[in-house]
2 protein chains.
Amino acid sequence: MCIDSKKAKEILKNLKLRPTIQRIAITETLIKQKEIHVTAYLLKRMLAENKVFISRATIYNNLNELSNKGFLKKVLVKKGKMWFDTNLSKHHHFYDEEEETLADVAEKEIKFSKFPKIPNGKRIKSVDIVINIKKI
Amino acid sequence: MCIDSKKAKEILKNLKLRPTIQRIAITETLIKQKEIHVTAYLLKRMLAENKVFISRATIYNNLNELSNKGFLKKVLVKKGKMWFDTNLSKHHHFYDEEEETLADVAEKEIKFSKFPKIPNGKRIKSVDIVINIKKI
DNA sequence: TAGTAATTTAGATTCATTCTAATGATCTAA
DNA sequence: TTAGATCATTAGAATGAATCTAAATTACTA
Ligand SMILES: [Mn+2]
Ligand SMILES: [Mn+2]
Ligand SMILES: [Zn+2]
Ligand SMILES: [Zn+2]
């Protein structure tokens, strides 16, 4: 257990989630870096590298629970694989398919001078901007 | 066979794809409306409503081939389901998750007054903007 | 019209994700 | 503290979209 273990427990307490060994380890991993983008598989691998072995179902259960509680955001950039993001601010992404990496674009880095009219009877839920990049 | 059958054959000829019964029916369905957004499942259902029964593999083979040949664009708006789009112009989308519908946003409807700096050594491949909407 | 190359197909396979239901851990109230 | 209740974890099965396989059929070309 590293320093972050305490912070992790604190976070779980605030989210009213029982501080199980698995949840603490997952949360610790997520807060170790200031911001992180992971898939379920990536997170499982990161934990395994630290000799923490958590079942697939638990990884998914907790990523989903942490998302539902507002501690993570879901980001979709490619068919069939969900990314989870600890950057909770409204923001956008660079996605590098070749390197399978996601990077943040702060909301203030994008400004519109023209934006489409929303269809009648509808309202905006969210605006997702993905800038797909590749090596020159 | 409706009027569009001839057009469909013409299109396939230009794309250098053999005009099989299945391909003609698929292409006909896609050009019946000026613009169309379909998933593989939706297309299969549309064909079945017209008493044309085509196997799943063939639906996918042809949607992918038509995409590779540049007759369709792929659009990703939700985890795990690919949409195919006959609007070939560069454009963006409204996505209504409640109604599972995709609608076009012309490129000229969106203008940026500020856009992020692309990371060194990288270039933009594409910019995907999805405006998620829901009923008021 | 024969030979070959492309196409279609049912069913198997893959991959990410969710579900199931049995086991184990944590919490709470007495 | 502990009993009981609730919640969490897990292996493995199930799901759903998409792809693969390999055998049968169809379309093209000489
Ligand atoms: Mn630690
Ligand atoms: Mn017809
Ligand atoms: Zn992010
Ligand atoms: Zn479109």
Side-chain angles (χ1 to χ4, degrees), chain A residues 5 8-29 37-48 52-69 71-72 74-84 95 97 100 102, chain B residues 5 8-29 37-45 47-48 52-69 71-85 97 100 102:
Chain A
S5 167
K9 286 181 191 163
E10 195 63 28
I11 288 166
L12 293 172
K13 191 171 197 181
N14 291 336
L15 297 175
K16 300 194 199 321
L17 291 171
R18 290 186 181 177
T20 62
I21 291 166
Q22 295 85 347
R23 281 219 264 247
I24 292 165
I26 288 171
T27 308
E28 246 187 281
T29 304
H37 299 94
V38 286
T39 60
Y41 171 78
L42 266 175
L43 176 59
K44 197 168 192 293
R45 229 167 36 68
M46 289 171 77
L47 288 158
V52 179
F53 304 96
I54 299 182
S55 76
R56 191 176 4 126
T58 300
I59 296 279
Y60 278 106
N61 286 345
N62 283 295
L63 285 173
N64 285 325
E65 246 159 347
L66 289 170
S67 300
N68 294 340
K69 297 271 185 175
F71 181 71
L72 289 176
K74 293 183 174 186
V75 180
L76 177 66
V77 286
K78 195 187 171 183
K79 179 198 58 173
K81 204 176 254 176
M82 187 59 80
W83 288 78
F84 296 85
Y95 178 56
E97 180 160 25
E100 281 205 72
L102 253 195
Chain B
S5 167
K9 286 181 191 164
E10 197 62 28
I11 288 166
L12 293 173
K13 193 173 195 179
N14 291 336
L15 298 175
K16 300 193 198 325
L17 290 171
R18 291 187 178 176
T20 62
I21 291 168
Q22 294 84 350
R23 281 219 264 248
I24 293 165
I26 288 171
T27 309
E28 247 187 280
T29 305
H37 298 93
V38 286
T39 59
Y41 171 77
L42 266 176
L43 176 59
K44 197 167 191 296
R45 232 171 28 73
L47 287 158
V52 178
F53 303 97
I54 300 181
S55 76
R56 190 179 0 129
T58 299
I59 296 278
Y60 279 107
N61 286 345
N62 282 296
L63 285 173
N64 284 325
E65 245 159 347
L66 290 171
S67 300
N68 294 340
K69 298 271 185 174
F71 181 71
L72 289 176
K73 286 177 81 168
K74 293 182 174 187
V75 180
L76 177 66
V77 286
K78 193 186 171 184
K79 182 196 55 173
K81 204 177 256 178
M82 187 58 79
W83 288 78
F84 296 86
D85 188 346
E97 179 160 24
E100 279 205 76
L102 253 194

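In the text below, chain A, chain B and the rest are named by the order of the sequence lines, each starting its count at 1.
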**Fill in**
When every non-hydrogen atom of A:K69 is compared with those of A:L17, the smallest separation belongs to CE-CD2, 3.9 Å

**Request:** Might you point out which heavy atoms bring A:A8 and A:E28 nearest each other, and give the distance in Å?
**Result:** CB-N, 3.9 Å

**Item:** A:Y60 side-chain N/O to C:dT17 phosphate OP1/OP2 under 4.0 Å
**Value:** yes

**Request:** Specify the closest pair of heavy atoms between B:I26 and B:L47, including all atoms of both residues, with the distance to one decimal.
**Result:** CG1-CD1, 3.9 Å

**Message:** Are the side chains of B:F84 and B:H37 in contact, using a 4.5 Å heavy-atom criterion?
**Reply:** no

**Message:** Between P on C:dT18 and CG on A:N68, what's the gap in Å once rounded to a whole number?
**Reply:** 10 Å

**Asked** Roughly, in whole Å, what's the span from NZ in A:K69 to P in D:dC7?
**Response** 11 Å

**Message:** Here's a test of your reading of the structure: between B:P19 and B:Y41, which maps to the more 5' nucleotide of DNA chain D?
**Reply:** B:Y41

**Item:** Shortest non-hydrogen separation from A:I54 to A:A25 and the atoms involved
**Value:** CD1-CB, 4.3 Å

**Request:** Return the value, rounded to whole Å, for the distance between atom NZ of B:K81 and atom C1' of C:dC15.
**Result:** 17 Å

**Asked** Quick one: A:I26 CD1 to D:dT10 C1', roughly how many Å, whole number?
**Response** 13 Å

**Asked** What is the distance from CE of B:M82 to P of C:dC15, rounded to the nearest Å?
**Response** 17 Å

**Item:** Rounded interatomic separation in angstrom, taking CZ from A:F84 and P from C:dT17
**Value:** 7 Å

**Asked** Quick one: A:I24 CD1 to D:dT9 C1', roughly how many Å, whole number?
**Response** 14 Å

**Complete:** Scoring nucleotides 2-13 of chain C by protein non-hydrogen atoms under 4.0 Å (B base, S sugar-phosphate only, - none) yields ---BSSBBBBB-

**Message:** Whole angstroms only, please: what is the CG-C1' distance between B:L63 and D:dA17?
**Reply:** 13 Å

**Asked** Of the non-hydrogen atoms in B:L12 and B:P19, which two are nearest, and what is the gap between them?
**Response** CD1-CA, 4.0 Å

